[in-house]
Amino acid sequence: MKALQIVKYGEIKEGLSLNEIDKPSIKSNDILVEVKAASLNPIDYKMVEGKLKDMISLKLPSTIGFDLSGVVVEKGADVKNFEIGDEIYSRVPQEQMGTVAEFVAVNSEFAALKPDNITFEQASGLPLTGLTAIQALEKVGIKENDRILIHAGSGGVGSFAVQYAKAKGAIVYTTTSTSNVDWVKALGADRVIDYKTEDYKEIANNLDIVFDTLGDDYTFDAFEIIKDGGRVTTIVGPPDEETAKQMGMQDYKLPEKLAKLIKDKSAEYKLTWMQPNAEQLKEIATMVEDRAIKPIVDLIYSLEDGIDAYEYLASGKAKGKVIISLS
Ligand SMILES: NC(=O)c1ccc[n+]([C@@H]2O[C@H](COP(=O)([O-])OP(=O)(O)OC[C@H]3O[C@@H](n4cnc5c(N)ncnc54)[C@H](OP(=O)(O)O)[C@@H]3O)[C@@H](O)[C@H]2O)c1
């Protein structure tokens with residue numbers, strides 16, 4: 001079968017190769033999925049670039065990708081929750097990474113039936129970004145009437161987070177560049193801030209929550225615009241101490257600058273490192289079927305053009321999700 005593989009660390013063009021490899025075999029708790037679509041995420045190209053080498057060690061060549069939708073074509077002896085022919089979607093666990101391929105073995109505990117009112121391409125874009133947004137927003141207890149700024153409302157995570165926060169009854173501010181303003185407004189955000197022409201800190205302040213999807217100075221600057229006792233939830237900033245311990249960093253201490261900002265604002269600060277979760281995939285499917293969340297697909301590529309797809313995603317300009325279709 002064909003699979004897009006990381007063959008060496010470095011530039012995306014040299015680091016990826018479309019290879020012919022053996023079809024995977026399944027364990028007793030796995031389903032074998034014929035992949036119909038796989039979505040791309042920044043973690044994938046960060047792995048190609050070698051930026052996550054210390055956290056995730058790969059034996060190269062290694063098939064790329066964490067998100068898929070497809071059809072169950074085989075199941076292990078212990079699989080009770082799926083039948084052959086079921087249409088599923090999944091963010092596969094790390095040890096089963098490799099969704100940009102014709103077939104993938106997936107632990108059935110991490111899959112769910114795909115929402116039945118959307119295409120395979122749309123469904124494949126939901127797991128990693130949807131789970132990330134839900135886990136990051138629930139970690140700081142988002143609730144009705146919370147005033148929240150979600151950075152990068154046009155990104156994969158941001159476009160889901162805006163819709164999820166609105167479904168929870170929050171008052172949502174989000175940032176994007178000029179050409180994305182109109183369609184991001186249509187996601188339901190109360191105020192879309194064009195970061196090319198407006199200063200987000202002047203418009204969104206005294207907030208209950210900032211969702212930091214950008215990192216670097218954006219993480220620190222979030223404390224300027226939350227109210228006393230506000231919450232900052234990040235997916236790219238430094239870990240909070242509790243999360244660091246869960247990630248195995250036993251001696252980790254918060255950077256001094258961050259510790260001071262948290263103390264001065266009596267703030268809550270949390271990093272989310274997304275975990276695959278089938279119950280939350282079912283929740284996402286229900287929200288999509290109820291039309292509370294709509295999947296946002298930017299470009300769809302063929303498997304043969306997978307390297308171009310990753311180069312486009314890595315440009316940082318994707319409007320929603322970038323997908324590889326194998327249908
Ligand atoms: N911790 C975790 O578990 C976890 C999980 C998922 C993702 N992440 C990380 O979270 C980040 C976001 O992921 P993603 O999938 O949403 O990325 P993405 O889809 O590639 O984000 C692209 C979007 O970012 C927007 N953007 C870029 N610079 C911006 C700025 N200064 N202000 C506002 N918007 C800006 C772009 O909009 P414009 O073109 O309009 O600028 C574009 O629409 C990545 O670094 C990813 O690795 C972490």
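We count ligands from 1, going down the list as the structure has it; atoms in each ligand are counted the same way.
- Atom CG in L128 sits 11.5 Å away from atom CG in L68 (nearest 0.5 Å).
- For the side chain to side chain contact (heavy atoms under 4.5 Å, CB included) test, residues two or more places apart in sequence or in another chain that qualify with A112 are Y89, L281, K282.
- Residues D67 and S124 have side chains that never bring a donor and an acceptor to within less than 3.5 angstrom of each other.
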Are any protein N/O atoms closer than 3.5 Å to the N/O atoms of ligand 1? If there are, list each pair with names and the distance to one decimal place.
{"unit_1": "ligand 1", "atom_1": "1 (N)", "unit_2": "I235", "atom_2": "O", "d": "2.9"}
{"unit_1": "ligand 1", "atom_1": "1 (N)", "unit_2": "T272", "atom_2": "O", "d": "2.8"}
{"unit_1": "ligand 1", "atom_1": "3 (O)", "unit_2": "M274", "atom_2": "N", "d": "2.8"}
{"unit_1": "ligand 1", "atom_1": "16 (O)", "unit_2": "G156", "atom_2": "N", "d": "3.2"}
{"unit_1": "ligand 1", "atom_1": "16 (O)", "unit_2": "V157", "atom_2": "N", "d": "2.9"}
{"unit_1": "ligand 1", "atom_1": "19 (O)", "unit_2": "G156", "atom_2": "N", "d": "2.8"}
{"unit_1": "ligand 1", "atom_1": "31 (N)", "unit_2": "Y218", "atom_2": "OH", "d": "3.1"}
{"unit_1": "ligand 1", "atom_1": "37 (O)", "unit_2": "S154", "atom_2": "OG", "d": "3.1"}
{"unit_1": "ligand 1", "atom_1": "39 (O)", "unit_2": "K317", "atom_2": "NZ", "d": "3.4"}
{"unit_1": "ligand 1", "atom_1": "40 (O)", "unit_2": "T176", "atom_2": "OG1", "d": "3.2"}
{"unit_1": "ligand 1", "atom_1": "40 (O)", "unit_2": "S177", "atom_2": "N", "d": "3.0"}
{"unit_1": "ligand 1", "atom_1": "40 (O)", "unit_2": "S177", "atom_2": "OG", "d": "2.5"}
{"unit_1": "ligand 1", "atom_1": "40 (O)", "unit_2": "N180", "atom_2": "ND2", "d": "2.8"}
{"unit_1": "ligand 1", "atom_1": "41 (O)", "unit_2": "Y195", "atom_2": "OH", "d": "2.4"}
{"unit_1": "ligand 1", "atom_1": "41 (O)", "unit_2": "K317", "atom_2": "NZ", "d": "3.4"}
{"unit_1": "ligand 1", "atom_1": "43 (O)", "unit_2": "S154", "atom_2": "O", "d": "3.3"}
{"unit_1": "ligand 1", "atom_1": "43 (O)", "unit_2": "S154", "atom_2": "OG", "d": "2.8"}
{"unit_1": "ligand 1", "atom_1": "43 (O)", "unit_2": "A318", "atom_2": "O", "d": "2.6"}
{"unit_1": "ligand 1", "atom_1": "45 (O)", "unit_2": "K46", "atom_2": "NZ", "d": "2.8"}
{"unit_1": "ligand 1", "atom_1": "47 (O)", "unit_2": "K46", "atom_2": "NZ", "d": "2.7"}

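- For the pairing with H151, the side chain to side chain donor-acceptor pair (under 3.5 Å) check across T213, T174, T175 returns one residue only, T175.
- Remark: K23 pairs with no residue by the side chain to side chain donor-acceptor pair (under 3.5 Å) rule, at least two apart or across chains.
- A278 is linked by a side chain to side chain contact (heavy atoms under 4.5 Å, CB included) to nothing, counting only residues two or more places apart in sequence or in another chain.
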